[in-house]
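Report on the structure given below.
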Amino acid sequence: MTRSILRWGIISTGGIATEFSQDLCVDPSTRGVTDISHAIAAVGSRSVASAQKFIDGLRSGPETEGWSWGAKNGVLDGCTPHGNYQDVYNDPNVDVIYIGTPPNFHHQNAKEALLAGKHVLCEKPFTFDLEELDELIALAKSKNLFLMEAVWTRFHPLAGAVREVLASGTLGKPLRFTADFSMDWNLDNEPAEHRMLNPALGGGSLLDMGPYPSVWAMLLVHQNPHNTDRDPKVINTYQTVYQRTGVDLNSRWLVEWKGLCQGQLLSDLSCPGHRDATAILQCAEGDLVVEYPPYKAETFHVVPRPDRFPGAITKKTTYHLPVAKGNNGLSYEADEVARCIRAGKIECEKMTWEESRIVQGWFDVVRRSGNTALKGLKGTAGK
Ligand SMILES: NC(=O)c1ccc[n+]([C@@H]2O[C@H](COP(=O)([O-])OP(=O)(O)OC[C@H]3O[C@@H](n4cnc5c(N)ncnc54)[C@H](OP(=O)(O)O)[C@@H]3O)[C@@H](O)[C@H]2O)c1
C-alpha cells in the first residue's frame, strides 16, 4: 500500500507539543504502520525565534532517540517557523493543526484553524466549557473538517486489549467503578503564573488531569456492552481549593450510568497516585484493574472477586501492552487522525464528539458546584 502523508502544523512549542512532534518524527514502521507517514510542515509560536528553536531541536535529536529518524527521512523538510498561530492556519502546505496551548486557548485556536479551512487535533481538555465545544463541533460540521480531542490513551495498544476483554463478556455486568489521576506537583515551589496554578489559563487538577479518570470511565463503563445510558450524569462533587491562587487542588465527582453502576472519579495535584490501581472496574464475575499511569497505562489485570461469593473468574490474568519502542505514545493518535482524514471522516469513531461532550459536561458541573476561582469563569464562546 502507498503511504499517505499528512502534513501537520504545530501550534505552540510547550511540553506536550514537543512530545507530539517528536512522535511525528519516529519511523512509523516501529509501530507496525505501513500506510501512513507524517510531515511537520509548519510550527507556530508566539515568537518566530522560539518556533525556529523548536524545529532546530527536532532536527538535532541524539541518534539514540527514535525521533532522530525524522530529520534524516524528510519529516521536517521545508518546515516553516511562524511567529504567530494564524500564519500556520493560513499556510497552504498544512493539512491539519495540532493544538498544544493551555486549555483556555483551545476554543479560540481551534475555531481560527477551522475557519481557515484546516482539520484540527486539539489537546485535552477539549475546551474550557461545553458551550465552546458545541460551537466547534457545529463549525467542523458546517465546514466538513475533521475535529478530535487528543486523548492519546484511547489509541494505545492497551485500550484495544481492554475493549476485547469487555466484549468477550467474561467479566459480566459492572457493579461499580473508580478511577484516579493523582500526582504530587509540589505546587508551593511553582510560580503563581504556572499554567497549572493560573485560573485564567484553565489551571487546577480538574481540567488538566480530569480527562484521564474520565477516559477510563468511557472505556470501561460507558462503552461497556452492558451500558445503555448514553447521558451519564454527575450526581455529587467535591473540590479542594488551593488557597494561593484559587485553582482546585483536587476534584472528586460521582457519575451514575442509569440501570448499571456508579463511578467515583478523582484528580489530585497534591498526592501521588496508586501504582497498582489507577482504574478499577468491579463486575459480577471478576474485576479489571488498570495499573498507573492512567494516561499511558501499559498493564492491566483481570482478577477474581475477593469476597465469599466467587464469580466465574478464578485466576488472575495479566495483560502487558507497552507502546512501541522509540515512541512517546502520541504517534498512535496521529496515525488515527491521518486515517480518518484520508477516509474523508470529520469525526473519529474511537474518540467521538458525543463522548468528549459528556466529559466536558461533567467538568462544567464539577467546576460550577465548587468554590474555586474557575467557578464563575466562562469560556470565550460565552463572552
Ligand atoms: N496528552 C497529554 O499527555 C498531555 C500532557 C501534558 C499536557 N497536555 C495538555 O496540553 C496542553 C498544554 O500543556 P503543556 O504541558 O504542554 O503546557 P506548556 O508546556 O506550558 O506549553 C504551553 C504552550 O502554549 C503556548 N502559549 C500561548 N499562550 C500562552 C500563555 N499565555 N501562557 C503560557 N503558554 C502559552 C506557549 O507556546 P509558544 O510560546 O510557542 O506559543 C507554551 O509553550 C494543556 O491543555 C494540557 O492539559 C496533554
When you measure from the side chain of [X] to the backbone of [Y], do you find a donor-acceptor pair of N or O atoms at a distance under 3.5 Å?
X: W67; Y: G61; answer: no
X: H38; Y: V75; answer: no
X: T278; Y: E291; answer: no
X: E132; Y: F128; answer: yes
X: D229; Y: K258; answer: yes
X: K118; Y: I97; answer: no
X: T352; Y: E349; answer: no
X: W353; Y: L147; answer: yes
X: D23; Y: N328; answer: yes

Any [X] side-chain heavy atom under 4.5 Å of [Y] side chain:
X: L166; Y: P225; value: yes
X: T153; Y: K296; value: no
X: I10; Y: V43; value: yes
X: N327; Y: T30; value: yes
X: F105; Y: T380; value: no
X: L269; Y: L187; value: yes
X: L175; Y: C261; value: no
X: S331; Y: V26; value: no

Could you tell me whether the side chains of [X] and [Y] share a donor-acceptor contact shorter than 3.5 Å?
X: S251; Y: Q239; answer: yes
X: S168; Y: T170; answer: yes
X: E333; Y: H156; answer: no
X: H107; Y: T127; answer: no
X: H274; Y: D180; answer: no
X: H222; Y: R230; answer: yes
X: R3; Y: S37; answer: no
X: D87; Y: N84; answer: yes
X: D248; Y: S205; answer: yes

Can you name the nearest heavy-atom pair linking [X] to [Y], along with the distance?
X: A217; Y: W362; result: CB-CH2, 4.0 Å
X: I313; Y: G286; result: CD1-CA, 4.2 Å
X: D56; Y: S60; result: O-OG, 2.9 Å
X: E336; Y: C348; result: OE2-SG, 3.4 Å

Would you indicate whether [X], at its atom [atom1], is surrounded by more than 12 heavy atoms from other residues, nucleotides or ligands within a distance under 6.0 Å?
X: L321; atom1: CG; value: yes
X: K53; atom1: NZ; value: no
X: R7; atom1: CZ; value: yes

[X] with [Y]: basic N within carboxylate O range, under 4.0 Å:
X: D364; Y: R367; answer: yes
X: K124; Y: D208; answer: yes
X: E347; Y: K141; answer: no

Under a 4.5 Å side-chain heavy-atom rule over Ile, Leu, Val, Met, Phe, Trp and Tyr, are [X] and [Y] clustered together?
X: V359; Y: Y295; value: yes
X: L266; Y: M209; value: no
X: F126; Y: M351; value: no

Worksheet item: About how many Å separate CZ of R59 and CG of L76, when rounded to the nearest 0.5 Å?
Response: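 Output value for this atom pair is 5.5 Å.
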
Worksheet entry | Spacing of CG belonging to L171 relative to CZ belonging to R305, to within rounding of 0.5 Å |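 CZ of R305 is found 11.5 Å from CG of L171.
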
Discussion item. Give me each pair satisfying salt bridge (charged side-chain N to carboxylate O under 4.0 Å, His left out) with a member in residues 104-117, each pair once, sequence neighbours excluded.
Written reply: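 Residue pairs passing salt bridge (charged side-chain N to carboxylate O under 4.0 Å, His left out), neighbours aside: K111-E135.
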
Practice prompt. Compute the ring centroids of F155 and Y332, then answer whether they are less than 6.0 Å apart.
Written response: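 So the answer is no for these two rings.
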
Worksheet item: Do F20 and W8 have their ring centres less than 6.0 Å from each other?
Response: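 For F20 and W8, the ring centres are under 6.0 Å apart.
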
Item to complete: Applying salt bridge (Lys or Arg N to Asp or Glu O under 4.0 Å), name anything that partners E355, two or more places apart in sequence or on another chain.
Response: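 Once residues adjacent in sequence are excluded, the partners of E355 under the salt bridge (Lys or Arg N to Asp or Glu O under 4.0 Å) criterion are R154.
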
Fill in: Pair Y85-N109, side-chain contact (heavy atoms from CB on, under 4.5 Å): steps then yes or no
CA-CA 8 Å; Y85 302 156; N109 299 152; 3.8 Å; yes

Discussion item. Set out, in order, the CA-CA distance, both residues' side-chain angles and the distance that settles side-chain contact (heavy atoms from CB on, under 4.5 Å) for C122 and E149, then state yes or no.
Written reply: CA-CA 5 Å; C122 179; E149 183 181 10; 6.0 Å; no

